[in-house]
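Worksheet for the structure shown next.
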Amino acid sequence: MDPKQRTYGLADIAEFVSNRVAARLLEVFPGVRVYIPETLNDGHKLNALGEEEAAALVAALPGARITVPMSNITPGKRRHLISKYADDNMTREEIALATECCERRVYQVLQELKREQDNHNSDDTQLPLL
């Protein structure tokens, strides 16, 4: 398949280039869609990866696009960690930093967890008042 016809993820980069390049992409370009040029010039933003890493990426996937996630933590794992850290009385800011997400997301997940807990604890046999 022509590299230009596809958007790649970090797992693809680890497979086709190296784990080091995939890790550097995550460090340098979290949450960004990155275009890989067919030739690399001195001022290109990919040089922030490091000279060898950028050259390897261009050699392997010229003309491709890469979607770099915000972090390597899966949504399910992040949700679990947010719940655990909240139970450990960490602040919302500390939880956000530890789980590589924004504070707003921490509040959203905690609200979802509370709603699920409330639904689980409700008595399904009780009739509504109105």
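- From Glu53, atom CD reaches atom CG of Asn47 across 10.5 Å, with rounding to the nearest 0.5 Å.
- Here the CD1 atom belonging to Ile66 is positioned 8.0 Å from the CG atom belonging to Leu10, to the nearest 0.5 angstrom.
- Annotation: the span from Leu61 atom CG to Ile36 atom CD1 amounts to 7.0 Å, rounded to 0.5 Å.
- More than 12 non-hydrogen atoms from other residues, nucleotides or ligands lie less than 6.0 angstrom from CD of Glu103.
- Under a cutoff of 6.0 Å and an axis angle of 45°, Lys45 and Tyr35 do not form a cation-pi pair.
- Taking OH of Tyr8 as the start and CG of Leu25 as the end, the distance is 14.0 Å to the nearest 0.5 Å.
- Arg24 has a carboxylate O that lies under 4.0 Å from a charged side-chain N of Glu27, or vice versa, which qualifies the two as a salt bridge.
- Between the side chains of Arg79 and Thr99, no donor N or O sits under 3.5 Å from an acceptor N or O.
- Residues Cys101 and Met70 fail the side-chain proximity criterion, which asks for heavy atoms closer than 4.5 Å.
- Atom OG1 of Thr39 is separated from atom NE2 of His44 by 9.0 Å, given to the nearest 0.5 angstrom.
- Here the side chains of Val109 and Leu113 are in contact, with some heavy-atom distance below 4.5 Å.
- Pairing each heavy atom of Ala56 with each of Val17, the nearest pair is CB-CG1, 3.8 Å.
- Taken from CG in Leu81 to NZ in Lys84, the straight-line distance is 7.5 Å, to the nearest 0.5 Å.
- Between Glu100 and Arg105 there is no salt bridge, since none of the side-chain N atoms of the basic residue sits less than 4.0 Å from a carboxylate O of the acidic one.
- Inter-residue side-chain proximity for Arg92 and Tyr107 is flagged as met; some heavy-atom pair is nearer than 4.5 Å.
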